[in-house]
Chemist: 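First the structure, which I've put down as structure tokens, then a few questions once you've had a look.
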2 protein chains.
Amino acid sequence: MVNKNIPDIVVGRLPLYLQTLNQMAREGFHVASSTVIAERLGTTAAQIRKDLSYFGGFGKQGMGYQLFLLIDELQKILNIDHIWQVALVGAGDLGHALIHYQGFARHGFEIILAFDNDPAKVGTVIGPIVIKNIDTMEAEIKSRGIKVGLITVPARNAQEIAERIVVCGVKAILNYAPTTLILPEGIQVQNVDPILYLQRMTYYLSD
Amino acid sequence: MVNKNIPDIVVGRLPLYLQTLNQMAREGFHVASSTVIAERLGTTAAQIRKDLSYFGGFGKQGMGYQLFLLIDELQKILNIDHIWQVALVGAGDLGHALIHYQGFARHGFEIILAFDNDPAKVGTVIGPIVIKNIDTMEAEIKSRGIKVGLITVPARNAQEIAERIVVCGVKAILNYAPTTLILPEGIQVQNVDPILYLQRMTYYLSD
DNA sequence: TAGATTGTTAATCGATTAACAATC
DNA sequence: TAGATTGTTAATCGATTAACAATC
């Protein structure tokens, strides 16, 4: 499925739509209008219809959208209609927590490899995973064809690690390190440093 | 410091600028031009100058920006020139990890309260914190004047918890629950569900 | 059929970029 | 002074919103 010049910002909203549609399906709904979805998301019906129309006409006039159909389509569009194997680098507190977090597996992101450079950690077990030596990282990632990486190393090491995993085939990086990664065109990066989000909110708080 | 109609999207970039400026300061730089900062952030010099100019003229022609001065100004603008006390709700795996995470305290966000509704967890200690019964949440948050909340409860409870802490004075919520919160005008919410970020990246991956 | 709601177009609004005079 | 780089304006680009014909 090739990028047909869909705006990035539209793609970024699709997972949010999917989340809400799944929630409604769990609540027993079978159809939803753009208005109802918009209310749950704090957005506008026009935006939802416009966004979806980039990909096709999934609704029916007078009726709205069939939940199961739309969920299915969105999963296909987002390429999450199958399981993605994931490698994690950096087995500190945060790495630990992420390996234990069930949410990844539940959404089809299976952490199957974890690496650390601390000899004391190598060989230890976290949940279903054995921490491996970072020297074996490239070989392991390449041999399994892993495309998605989670970076949970300290900021000063993040750029180097990112470059190394990109070289062996990783195409998407979820970066927990508090630093900006500069990577080749076409490599996807999302930063999830919570400090950035907190600081962006405190701007609006009078002390 | 009152919102002078600064675009949200500009405010959202300031923490990123601050992060990079701090990094450069640690590396020993004393000044930086918009071009150099832009390179590190993968953005453009024009955007950085434009963004900063909403708040004042912090640079000098021909010279660039004095790092310490600009860092100081950004901290004031973002209201992070003092410590924010934070309450966390939901002491599961994720809550645990966040309490242990040193990054919050290091950036002036001090988690001083944690709540859970599980009687088995109430009274247990995580790091420097005793988990309190959620029944005492409103009273505790109000009496300490806490303005910032971290929500790490399951999705189905997140909306209710958010409403409860907003009623007792919380104005900014970092929401780890995989659901959209609908809250009154003026309440700040940022969502940090990693699944959303992963899904947004897999769109661009051919399988 | 009447009512509801989509998909789409055009209008509006806002953000980014380019360019350059001001000035350190 | 000459070179560099800011702050700002105007031009461009892109995203959101409003409106409505099409149609279930």
Side-chain angles (χ1 to χ4, degrees), chain A residues 3-17 20-21 24 29-74 77 180 185 200 203-204, chain B residues 3-17 20-21 24 29-74 77 180 185 200 203-204:
Chain A
N3 185 338
K4 285 176 300 221
N5 273 52
I6 314 288
D8 232 55
I9 198 158
V10 171
V11 174
R13 284 191 291 257
L14 299 184
L16 230 30
Y17 298 164
T20 296
L21 296 169
M24 294 188 72
F29 290 87
H30 289 97
V31 294
S33 68
S34 55
T35 308
V36 168
I37 302 168
E39 262 165 31
R40 294 202 171 214
L41 281 162
T43 179
T44 65
Q47 182 164 82
I48 290 176
R49 294 202 302 276
K50 186 103 213 295
D51 285 356
L52 293 177
S53 75
Y54 280 102
F55 303 95
F58 303 126
K60 287 223 194 323
Q61 283 97 328
M63 299 266 81
Y65 300 89
Q66 292 282 340
L67 282 184
F68 291 105
L69 187 141
L70 186 51
I71 288 170
D72 205 63
E73 292 289 349
L74 285 175
I77 291 165
T180 300
E185 186 88 352
R200 152 175 213 170
Y203 169 81
Y204 297 98
Chain B
N3 185 338
K4 285 175 301 218
N5 275 51
I6 312 289
D8 234 54
I9 198 160
V10 171
V11 173
R13 283 191 292 257
L14 299 184
L16 230 31
Y17 298 164
T20 295
L21 296 169
M24 295 188 73
F29 291 87
H30 288 96
V31 295
S33 68
S34 55
T35 308
V36 168
I37 302 169
E39 263 165 31
R40 294 202 171 215
L41 281 161
T43 179
T44 65
Q47 182 165 80
I48 291 176
R49 291 202 303 276
K50 186 103 214 296
D51 284 356
L52 294 177
S53 76
Y54 280 102
F55 302 97
F58 302 128
K60 286 222 195 325
Q61 283 98 327
M63 299 267 80
Y65 300 88
Q66 292 282 341
L67 283 183
F68 290 104
L69 187 141
L70 186 52
I71 288 170
D72 204 64
E73 292 289 349
L74 285 175
I77 291 164
T180 300
E185 184 90 352
R200 151 177 214 168
Y203 169 81
Y204 295 98

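Lettering follows sequence order; numbering is per chain, from 1.
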Chemist: May I have the distance from A/Asp8 (atom CG) to D/dA15 (atom P), rounded to whole angstrom?
Modeler: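 After rounding, the reported distance stands at 9 Å.
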
Chemist: Determine the minimum heavy-atom distance between A/Val36 and A/Met24, stating which atoms define it.
Modeler: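 The answer is CG1-CE, 3.6 Å.
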
Chemist: Among C/dT16, D/dT6, D/dT16, find the nucleotide with the atom closest to the side chain of A/Lys50.
Modeler: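 Out of C/dT16, D/dT6, D/dT16, the nucleotide with an atom closest to A/Lys50's side chain is D/dT16.
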
Chemist: State whether B/Ser34 places a side-chain N or O below 4.0 Å from either non-bridging phosphate oxygen (OP1 or OP2) of D/dT5.
Modeler: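 False: B/Ser34 side-chain N/O out of range (4.0 Å or more) of D/dT5 OP1/OP2.
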
Chemist: Write out the stems for DNA chain D, ordered by first number and formatted as range with range, counting runs of at least 3 consecutive Watson-Crick or G-U wobble pairs under 3.5 Å.
Modeler: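 Consecutive-pair runs (3 or more) involving DNA chain D: C:3-24 with D:3-24.
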
Chemist: Using atom CD of A/Gln47 as one end and atom C1' of D/dT16 as the other, report the distance to the nearest whole Å.
Modeler: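 One finds 7 Å between C1' of D/dT16 and CD of A/Gln47, rounded.
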
Chemist: Within the 4.0 Å heavy-atom criterion, would you say A/Thr35 contacts the bases, only the backbone, or no part of the nucleic acid?
Modeler: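 Answer is nothing: A/Thr35 stays at 4.0 Å or more from every strand.
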
Chemist: Side chain of A/Ile9, heavy atoms from C-beta onward: which of D/dA15, C/dT16, C/dC20 has the nearest atom to it?
Modeler: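 That would be D/dA15.
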
Chemist: Would you call A/Pro7 and A/Tyr54 a side-chain contact if the rule is heavy atoms closer than 4.5 Å?
Modeler: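 Counting from C-beta outward, A/Pro7 and A/Tyr54 do come under 4.5 Å.
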
Chemist: Roughly how many Å is it from CE in A/Met63 to P in C/dA2, rounded to a whole number?
Modeler: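 Going from A/Met63 (CE) to C/dA2 (P), I get 17 Å.
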
Chemist: Between B/Arg49 (CZ) and C/dA18 (P), how many Å, whole number?
Modeler: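 Atom-to-atom, B/Arg49 to C/dA18, this comes out as 11 Å.
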
Chemist: Starting at OH of A/Tyr65 and ending at P of D/dT23, how long is that distance when rounded to a whole Å?
Modeler: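 Spelled out: OH on A/Tyr65 to P on D/dT23 is 16 Å.
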
Chemist: Would you say C/dT17 has OP1 or OP2 under 4.0 Å from some side-chain N or O of B/Thr44?
Modeler: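 True: B/Thr44 side-chain N/O within range (under 4.0 Å) of C/dT17 OP1/OP2.
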
Chemist: Checking contacts here: which listed nucleotide (D/dA22, C/dT16, C/dT23) is nearest the side-chain heavy atoms of A/Gln61?
Modeler: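 Taking heavy atoms from C-beta onward, the closest nucleotide is D/dA22.
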
Chemist: Roughly how many Å is it from CD1 in A/Ile48 to P in C/dG7, rounded to a whole number?
Modeler: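 It works out to 12 Å between those atoms.
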
Chemist: Measure the spacing between CG of B/Leu52 and OH of B/Tyr65 and express it to the nearest 0.5 Å.
Modeler: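 It comes to 5.0 Å.
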
Chemist: Taking the inter-plane angle between the rings of B/His30 and B/Phe68 on a 0 to 90° scale, is it parallel (under 30°), tilted (30 to 60°) or perpendicular (over 60°)?
Modeler: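 The arrangement is tilted - the two ring planes meet at 30° to 60°.
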
Chemist: B/Tyr54 side chain N/O closer than 4.0 Å to the phosphate oxygens (OP1, OP2) of C/dA15?
Modeler: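 For C/dA15, neither OP1 nor OP2 has a side-chain N or O of B/Tyr54 closer than 4.0 Å.
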
Chemist: Rounded to whole angstroms, how far apart are CZ on B/Arg13 and C1' on C/dT17?
Modeler: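 For the pair B/Arg13 CZ and C/dT17 C1', the rounded distance is 12 Å.
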
Chemist: Measure the spacing between CG of B/Leu74 and CG of B/Leu16 and express it to the nearest 0.5 Å.
Modeler: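 So the CG of B/Leu74 and the CG of B/Leu16 are separated by 11.5 Å.
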
Chemist: Could you state the CG-C1' distance from B/Leu69 to C/dC24, rounded to the nearest angstrom?
Modeler: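 Distance, rounded to whole Å: 15 Å.
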
Chemist: Nearest heavy-atom pair of B/Asp8 and A/Arg200: which atoms, and what distance?
Modeler: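 Closest approach of B/Asp8 to A/Arg200, heavy atoms only: O-NH2, 3.9 Å.
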
Chemist: Take B/Phe58 and B/Asp72 through the side chain to side chain contact (heavy atoms under 4.5 Å, CB included) test and state the conclusion after the steps.
Modeler: CA-CA 11 Å; B/Phe58 302 128; B/Asp72 204 64; over 6 Å; no

